[in-house]
Amino acid sequence: MTRTRDVRLRAATADQDPRARAEGLRNGLVVVLAVASGAADALGFLALGSAFTSVMTGNMVLFGVATAQGDANLMLLTAVAIGAFVAGAAAGARIAGSPVSGDPVWPPSVTRALTVELALFTGVGTAWWALGSEPPASTYLPLLAASAAALGLQSSAIQRFGVSGLSTTYLTGTLTTVVIRLTTGHGFRAVRHSAVILLGLIVGAGAMAALIALAPVLVPALLILTVAGVLAIVLLRREELHR
């Protein structure tokens, strides 16, 4: 009886190890998507009229300020960004679906949603390059809307993982969780992945700011390559991630 139980325990452990490795890979890919999120937000704020593409609470504050100041242009930009993000999130929810029992580590529907996000970023990039990497103010609205819709899709897609606290756009909550856990006696290991996601957001924003200032022709590449890189890894490691 004891020997049988030991065999079953070893078999269960062997089954868990590949899934644990797959979850580690998934978590790393989420960090890369956080880089894309930070980059897109910086692009919207620095080069597309000073509105965000994923920080919708920030846009709501800006909309309120613009309303009080009578700034119709900022009101329109933030309203469009919010509407596009909502539309993207709704589309992402339809494409990616909701978590269900028995889901693999990386559900294929998440890949489909991120593929649509990549298409949107590619469209933004194509327009950016066609405009000589210096889009005029008249093009801010469509470029901002496409970027915000892309981040809305990404936000809903990440929710399909069904992992509490795992996000690439709603990161004020992530920061709050990190602070709470650290101040209630948890070690850094308990918040390490959340902290790395926050760092990814900062790195993406900083990299985008540098590109806008120094090499604007490369701006779309940061958005396209991060999401495309994630999809490429998912394709190459699909057997591991789809278990």
Side-chain angles (χ1 to χ4, degrees), residues 19-20 22-42 44 52-59 81-82 84-121 146-178 191-205 222-235 237-238 240-243:
R19 186 171 180 90
E23 289 173 352
L25 176 59
R26 177 200 62 199
N27 292 346
L29 295 176
V30 167
V31 173
V32 178
L33 292 174
V35 172
S37 179
D41 266 325
F52 296 108
T53 57
S54 75
V55 187
M56 291 303 113
T57 50
N59 279 339
I82 293 168
F85 183 90
V86 169
R94 295 286 294 181
I95 297 170
S98 301
V100 296
S101 178
D103 263 348
V105 172
W106 188 286
S109 59
V110 173
T111 302
R112 290 194 290 272
L114 294 181
T115 300
V116 178
E117 179 188 18
L118 177 59
L120 287 169
F121 277 151
S147 296
L151 268 296
L153 272 156
Q154 184 188 115
S155 186
S156 288
I158 297 304
Q159 296 306 304
R160 175 60 195 269
F161 293 135
V163 179
S164 177
L166 193 64
S167 176
T168 58
T169 55
Y170 173 57
L171 295 178
T172 301
T174 301
L175 178 60
T176 302
T177 299
V178 168
V191 300
R192 180 175 56 190
H193 185 244
S194 295
V196 173
I197 289 176
L198 292 170
L199 179 61
L201 182 80
I202 295 169
V203 168
L222 181 56
L223 299 175
I224 294 170
L225 292 179
T226 47
V227 180
V230 167
L231 290 172
I233 293 173
V234 170
L235 179 62
R237 306 282 291 274
R238 59 184 180 276
E240 179 181 350
L241 289 168
H242 293 171
R243 65 174 65 250

* Qualifying side-chain hydrogen bond (donor to acceptor under 3.5 Å, both in side chains) pairs with a residue from residues 94-105, counting only residues at least two apart or across chains ->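 Only D103-R160 qualify under side-chain hydrogen bond (donor to acceptor under 3.5 Å, both in side chains).
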So do the side chains of [X] and [Y] get within less than 4.5 Å of each other, counting heavy atoms only?
X: T111; Y: T115; answer: yes
X: H193; Y: V31; answer: yes
X: E23; Y: V163; answer: no
X: W106; Y: L29; answer: yes
X: L201; Y: S37; answer: yes
X: T226; Y: L33; answer: no

[X] to [Y] - nearest heavy-atom pair and separation:
X: S156; Y: A93; result: CB-N, 3.5 Å
X: N59; Y: A81; result: ND2-CB, 3.6 Å
X: A39; Y: L222; result: CB-CD2, 3.6 Å
X: V105; Y: R26; result: O-CD, 3.5 Å
X: L166; Y: I158; result: O-CG2, 3.5 Å
X: H242; Y: V234; result: NE2-CG1, 4.4 Å

* Mind checking what makes side-chain hydrogen bond (donor to acceptor under 3.5 Å, both in side chains) contact with R112, not counting sequence neighbours? ->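 Counting only residues at least two positions away or on another chain, R112 forms no side-chain hydrogen bond (donor to acceptor under 3.5 Å, both in side chains).
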* Set of residues satisfying side-chain hydrogen bond (donor to acceptor under 3.5 Å, both in side chains) with respect to T53, sequence neighbours excluded -> D41
* To do: Return each pair, listed once, that meets salt bridge (charged side-chain N to carboxylate O under 4.0 Å, His left out) where at least one residue sits in residues 148-158; pairs must be two or more places apart or across chains.
  =>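 Matches after skipping sequence neighbours: none remain.
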* Pairs touching residues 193-204 that satisfy salt bridge (charged side-chain N to carboxylate O under 4.0 Å, His left out), sequence neighbours left out -> none
Distance check, rounded to the nearest 0.5 Å: [X] atom [atom1] versus [Y] atom [atom2]?
X: I197; Y: I202; atom1: CD1; atom2: CD1; answer: 12.5 Å
X: L199; Y: S194; atom1: CG; atom2: OG; answer: 12.5 Å
X: L120; Y: L114; atom1: CG; atom2: CG; answer: 11.5 Å

Determine all donor-acceptor pairs shorter than 3.5 Å in which one atom belongs to a side chain in residues 148-155; sequence neighbours excluded.
| from | atom 1 | to | atom 2 | distance (Å) |
| --- | --- | --- | --- | --- |
| Q154 | OE1 | T168 | OG1 | 2.5 |
| Q154 | NE2 | E117 | OE1 | 3.4 |
| Q154 | NE2 | E117 | OE2 | 2.6 |
| S155 | OG | T169 | OG1 | 2.9 |

